Amino acid sequence: MTGSTALPLLYLDVDGPLIPFGAGPYPSAEDDGDGANPLLARVDPTLGPRLAALPCELVWATTWMAEANECVAPRFGLPELPVVVWSEPSDEDGRGGIHWKTPTLLEHAAGRPFIWVDDEITGADRAWVAARHPGRALLHRVDPGRGLTGADLGVLRAWLRSR
């Protein structure tokens, strides 16, 4: 597939967007019964089919790395997804307010259109991507207290339709 016909990438962070940090209510970890990370009880399993229905290629962009496929994807009913492998930390990380993930995501996208869903995106990241990425990009910040909502998914769908 060429960059012009390939589906846009959708980079997903886990902590904040998919596992919200707000007050809940959430099922208790004891209700889960599988001994997994207790925060996984906060996952809304209805998000999986809604994400999978988007016309894009889902990619984990999280420090969970491969564990996202083992622990998170099954809770959403998602198949195993590609995982961004993060670059080694450098002295340049965080300079100018750029999130440490931003340069690696641009490298991974390799000019393809992409959406990045994270709770730590700033205006500095948006400006940096706009100046360096030749394709379309949507950097969508999610409120970590609520996590990814229907309204957020509406923004993603609208951007994907506008291509």
Side-chain angles (χ1 to χ4, degrees), residues 1-21 39-40 42-44 47-90 92-94 96-144 146-163:
M1 247 188 243
T2 66
S4 61
T5 60
L7 288 174
L9 300 163
L10 172 50
Y11 294 116
L12 290 167
D13 183 33
V14 171
D15 294 318
L18 300 182
I19 299 176
F21 298 129
L39 292 177
L40 288 171
R42 296 176 173 216
V43 166
D44 175 359
L47 284 175
R50 295 163 75 190
L51 287 166
L54 295 172
C56 57
E57 180 183 335
L58 302 177
V59 180
W60 293 121
T62 175
T63 56
W64 284 66
M65 304 220 14
E67 278 188 283
N69 279 321
E70 298 164 17
C71 302
V72 182
R75 292 175 183 269
F76 285 109
L78 293 173
E80 186 169 309
L81 303 177
V83 177
V84 173
V85 177
W86 302 113
S87 303
E88 288 297 318
S90 80
E92 300 297 310
D93 288 348
I98 304 303
H99 192 286
W100 62 268
K101 291 180 180 178
T102 307
T104 302
L105 291 177
L106 254 59
E107 184 179 318
H108 187 274
R112 282 176 68 179
F114 73 89
I115 297 171
W116 175 23
V117 173
D118 204 303
D119 61 314
E120 297 180 338
I121 294 169
T122 67
D125 296 301
R126 289 184 183 93
W128 200 87
V129 168
R132 290 167 177 80
H133 184 64
R136 293 178 65 232
L138 172 64
L139 280 63
H140 185 73
R141 185 186 179 281
V142 172
D143 179 341
R146 288 189 314 231
L148 193 65
T149 65
D152 293 311
L153 289 169
V155 170
L156 306 185
R157 278 192 298 276
W159 186 88
L160 288 162
R161 278 193 306 267
S162 70
R163 52 182 175 137

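As the structure is a computational prediction, the values presented were derived from the model and not from experiment.
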Determine all donor-acceptor pairs shorter than 3.5 Å in which one atom belongs to a side chain in residues 104-111; sequence neighbours excluded.
unit_1: Thr104; atom_1: OG1; unit_2: Ser87; atom_2: OG; d: 3.1
unit_1: His108; atom_1: ND1; unit_2: Tyr11; atom_2: OH; d: 2.6

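- Thr62 pairs by the side-chain hydrogen bond (donor to acceptor under 3.5 Å, both in side chains) definition with nothing, not counting sequence neighbours.
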Verdict with supporting geometry, Trp116 and Val129, side chain to side chain contact (heavy atoms under 4.5 Å, CB included)
CA-CA 11 Å; Trp116 175 23; Val129 168; 5.7 Å; no
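- Proximity of a side-chain donor or acceptor of Arg42 to a complementary backbone N or O of Pro20 within less than 3.5 Å is detected.
- Electrostatic pairing of Lys101 and Asp13 counts as a salt bridge here, judged by a charged N lying under 4.0 Å from a carboxylate O.
- For the atom pair CG of Leu78 and CH2 of Trp60, the computed distance is 6.0 Å after rounding to the nearest 0.5 Å.
- The two atoms that bring Ala73 and Pro79 nearest to each other are CB-O, 3.9 Å, heavy atoms only.
- Remark: Glu80 engages no residue in a side-chain hydrogen bond (donor to acceptor under 3.5 Å, both in side chains) (not counting sequence neighbours).
- Evaluation of the salt bridge (Lys or Arg N to Asp or Glu O under 4.0 Å) rule for Glu57 yields Arg112 as partners, not counting sequence neighbours.
- At least one side-chain heavy atom of Pro8 sits less than 4.5 Å from a side-chain heavy atom of Leu160.
- The line from CG of Leu148 to CG of Leu47 is 5.5 Å long, rounded to the nearest 0.5 Å.
- Under the side-chain hydrogen bond (donor to acceptor under 3.5 Å, both in side chains) criterion, the residue pairs touching residues 128-137 are Arg136-Ser162, with sequence neighbours excluded.
- The nearest pair of heavy atoms linking Leu10 to Cys56 is CB-SG, 3.6 Å.
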Please list every donor-acceptor pair under 3.5 Å in which a side-chain atom of residues 48-55 meets a protein atom from a residue at least two apart or in another chain.
none

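- Nearest heavy atom pair, residue Arg141 against residue Asp143, reads NH1-CA, 4.0 Å.
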